Amino acid sequence: MPMLKGSNVPVPAPAVRVELGWQAAPGTPDVDASALLLVSGKVRDDGDFVFCNQAAHASGAVRHEGKRPAGGAMTDSLTVALDSVEPAVDTVVLAASADGGTFGSVPGLHIRVLDAASGAEIARFDSQDAGAETAFVLGELYRRQGAWKFRAVGQGYATGLAGLATDFGISVEDPAPPQPAPPAPAPAAPAPPPPPTAMPTPPPAAPPAPAPPMAPPPMAPPPMAPAPPFPAGQPAASVPPPPGQPAPAPAPPPVRLTKVTLTKDAPAVSLTKQGGTSGAMRVNLNWSGGSAGKRLGKKLGRKAMEAMGARGALLPPSGELDLDLCALYELTDGAAGVIHPLGNNFGALHAPPYIQLDGDDRTGAVAAGENMTINLDHQARIKRILIFVTVYAGARSFEGLSATVTLQPQRGAPVEFSLDACTVPSRVCALALITNTGSELVVQRESRYLVPEPGVSPQRTIDTAYGWGLDWSPARK
């Protein structure tokens, strides 16, 4: 039953899934879920903030799972293992932020708390009074006498996620200041001095005028013993302390709230410039067919759907839509290949090709969607990677399907985009092309639907379109 603001309900489950939901419509701001783990109303450090740029708490108790489209709606989810939350933490704040508008422009904003094991709904709160706010605390999980409860909060922040996070003790990175305009070129001839009300122009360097002969030089005060100068070219923070004193611990970097959304008008971003130069990068595909898979399945029949699989593909046991996240790769030494579930070609993370597919979501029901990991510690050996998705079974094309792609580097801002609507009978879609230019790693949004020729597999179709030149043979799950 929907809750009123300020009301609370018991949470009997040892682990919950928290879904932040809203209606997706043209012009609706993008919404992101986040969580803050509090001790007496404040975080202990920036690690107690879980959101898209920091997807998991160190304890493993709270995780940001990402977005999932569902028909005309969208959800962004968190999982909270209540039985694993550290004893010192008494509250888990469940918040949201709007990117590109205010919550007054987000229809159907709500939060649901579900039993992680059974999926049963424990609580639901629908926001009714959002206006100019760009961040919102929708609810909180809190301890009372050894048990957990959920409270509907509904408190907005016009200062955005940065204001909300700062209010709970998070150190937030300031946005970079705008660069000053370059100085105007110097005139060819000396200009007369400007009037007193104008901005003074620095005069050209000239030797100082001699002091008047009758004016005695000023008496300087006795000099204080100066502090030892910093070694040249060394910042103050890196100077070693005096002998016998321990070096101060470096301050942790502030939390970075930015993310990158790729669009048709701005389709590319440099991971290198965003700080994504090392560590693991998670590639996530969250997809939903709504009723498209079931409708097409009933219309086509089982035999037709079996026939449209890639070289003998079979309908998944559930009869539901089955998409496959895949990648073509080419390394700097010339090695090339494919990562996909067919033939259990899942790749390797710590050996070539430094790409690994986590698993295969054959129904679209897995909360975290399908995930692939790229080891950026070896990016110097990577020439290019093409991430793509195929319809394995359950639909004849991508028509009517929705998907969101997120690339989450271990360091640096996440990169995300949604697929365009499919208007052709396509069963393979190029998602993103990652290219090593020699100086930086660039992600290019493709969102390109391809139509295989009769008898040609989706994998071979995308190989031909992007010039990989691999030899293909039949494969199945």
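Values in this document were obtained by computation on a predicted structure and should not be read as measured data.
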Side chain to side chain contact (heavy atoms under 4.5 Å, CB included) evaluation trace for Val31 with Leu20: CA-CA 9 Å; Val31 179; Leu20 173 70; 3.5 Å; yes
Derivation and outcome, salt bridge (Lys or Arg N to Asp or Glu O under 4.0 Å), residues Arg445 and Asp420: CA-CA 11 Å; Arg445 175 187 185 266; Asp420 298 329; 2.8 Å; yes
Steps toward side chain to side chain contact (heavy atoms under 4.5 Å, CB included) verdict (Leu357, Leu325): CA-CA 8 Å; Leu357 186 63; Leu325 181 63; 4.2 Å; yes
Apply side-chain hydrogen bond (donor to acceptor under 3.5 Å, both in side chains) to His64 and Asp32, showing your working. CA-CA 10 Å; His64 179 258; Asp32 292 297; 5.5 Å; no
Assess the residue pair Tyr142 and Asp90 against the criterion (side-chain hydrogen bond (donor to acceptor under 3.5 Å, both in side chains)); give the C-alpha distance rounded to whole Å, side-chain angles, the decisive distance to 0.1 Å, and a yes or no. CA-CA 6 Å; Tyr142 65 99; Asp90 51 54; over 6 Å; no
Step by step, would you call Leu161 with Phe49 a side chain to side chain contact (heavy atoms under 4.5 Å, CB included)? CA-CA 11 Å; Leu161 185 59; Phe49 187 25; 3.9 Å; yes
Would you sort out whether Val269 and Leu262 count as a side chain to side chain contact (heavy atoms under 4.5 Å, CB included), showing the intermediate values? CA-CA 8 Å; Val269 65; Leu262 300 183; 4.1 Å; yes
Would you check, one step at a time, whether the test side-chain hydrogen bond (donor to acceptor under 3.5 Å, both in side chains) holds for Glu140 with Thr91? CA-CA 7 Å; Glu140 61 182 17; Thr91 305; 5.2 Å; no
Show your working on salt bridge (Lys or Arg N to Asp or Glu O under 4.0 Å) between Lys67 and Asp30 and close with a plain yes or no. CA-CA 10 Å; Lys67 293 186 176 69; Asp30 191 23; 3.8 Å; yes
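Annotation for Arg63: atom CZ does not count as buried by contact number, only 12 or fewer foreign heavy atoms lying within 6.0 Å.
A 4.5 Å side-chain heavy-atom check between Ser105 and Thr28 finds every atom pair outside the cut-off. Looking only at side-chain heavy atoms (C-beta outward), Ile462 and Leu450 come within less than 4.5 Å of each other. Residues Asn436 and Lys383 fail the side-chain proximity criterion, which asks for heavy atoms closer than 4.5 Å. When side chains are defined from C-beta on, Asn375 counts as touching Leu349, because their heavy atoms get closer than 4.5 Å. Side-chain contact between Leu419 and Cys429 is present, with at least one heavy-atom pair separated by less than 4.5 Å. Put simply, the side chain of Leu328 does not reach to within 4.5 Å of the side chain of Ile385, judged on heavy atoms. In this structure the side chain of Asn284 never reaches within 4.5 angstrom of the side chain of Val405, judged on heavy atoms. By the 4.5 Å heavy-atom criterion applied to side chains, Lys149 and Leu141 are not counted as neighbours.
Here the SG atom belonging to Cys326 is positioned 12.0 Å from the CD1 atom belonging to Ile355, to the nearest 0.5 angstrom. Here the CG atom belonging to Leu78 is positioned 7.5 Å from the OG atom belonging to Ser34, to the nearest 0.5 angstrom. Here the CG atom belonging to Asp463 is positioned 10.0 Å from the CD atom belonging to Gln459, to the nearest 0.5 angstrom. Here Asn8 contributes atom CG and Phe125 contributes atom CZ; the two are 13.0 Å apart, rounded to the nearest 0.5 Å. With rounding to the nearest 0.5 Å, the separation of OH in Tyr329 from CD1 in Ile387 is 14.5 Å. The distance from the CE atom of Met281 to the CG atom of Leu441 is 6.5 Å, given to the nearest 0.5 Å.
Of the possible donor and acceptor atoms, one in the side chain of Gln54 sits under 3.5 Å from a partner among the backbone N and O of Asp46. A donor-acceptor pair under 3.5 Å is absent between the side-chain atoms of Lys42 and the main chain of Ile170, judged by distance alone. Checked by atom type and distance alone, the side chain of Thr134 pairs as donor or acceptor with a backbone atom of Gly160 at under 3.5 Å. Between the side chain of Asp324 and the backbone N or O of Val389 there is no donor-acceptor pair closer than 3.5 Å. Between the Ser118 side chain and the Ala120 main chain, a donor and an acceptor come within less than 3.5 Å of each other. Looking only at distances, no side-chain donor or acceptor of Asn345 sits under 3.5 Å from a matching main-chain atom of His340. Under a 3.5 Å cut-off, the side chain of Thr102 and the backbone N or O of Glu133 do not form any donor-acceptor pair. Distance alone, capped at 3.5 Å, is enough to place a donor-acceptor pair between the Asp48 side chain and the Arg44 backbone. The backbone N or O of Ser270 sits nowhere less than 3.5 Å from a side-chain atom of Glu440 that would complete a donor-acceptor pair.
The aromatic rings of Tyr354 and His378 lie parallel to each other, their planes meeting at an angle below 30°, with 60° marking the opposite boundary.
Annotation for Pro353 and Ile339: closest pair CG-CD1, 3.9 Å, computed over non-hydrogen atoms. Minimum interatomic distance between Thr373 and Asp358 (heavy atoms only, all atoms of both residues): OG1-OD1, 3.5 Å. When all heavy atoms are compared, the tightest approach of Gln410 to Ser278 is CB-O, 4.2 Å. The two residues Asp115 and Ala13 have their closest heavy-atom pair at OD2-CB, 3.6 Å. Taking every heavy atom of both residues into account, Ser418 and Ser447 meet most closely at O-OG, 4.4 Å. For Leu138 against Ser127, the heavy-atom pair with the smallest separation is CD2-CB, 4.1 Å.
A side-chain N or O of Glu446 and one of Tyr466 form a donor-acceptor pair less than 3.5 Å apart. Side-chain atoms of Ser77 and Arg17 include a donor-acceptor pair closer than 3.5 Å. A donor atom on one side chain and an acceptor atom on the other are not found under 3.5 Å apart for Thr75 and Glu19.
Counting only residues at least two apart or on different chains, the ring-ring contact (aromatic ring centres under 6.0 Å, His included) pairs with a member in residues 89-108 are Phe103-Phe136.
A cation-pi arrangement, defined by a distance under 6.0 Å to the six-membered ring centre and an angle within 45 degrees of its axis, is present between Arg384 and Trp468.
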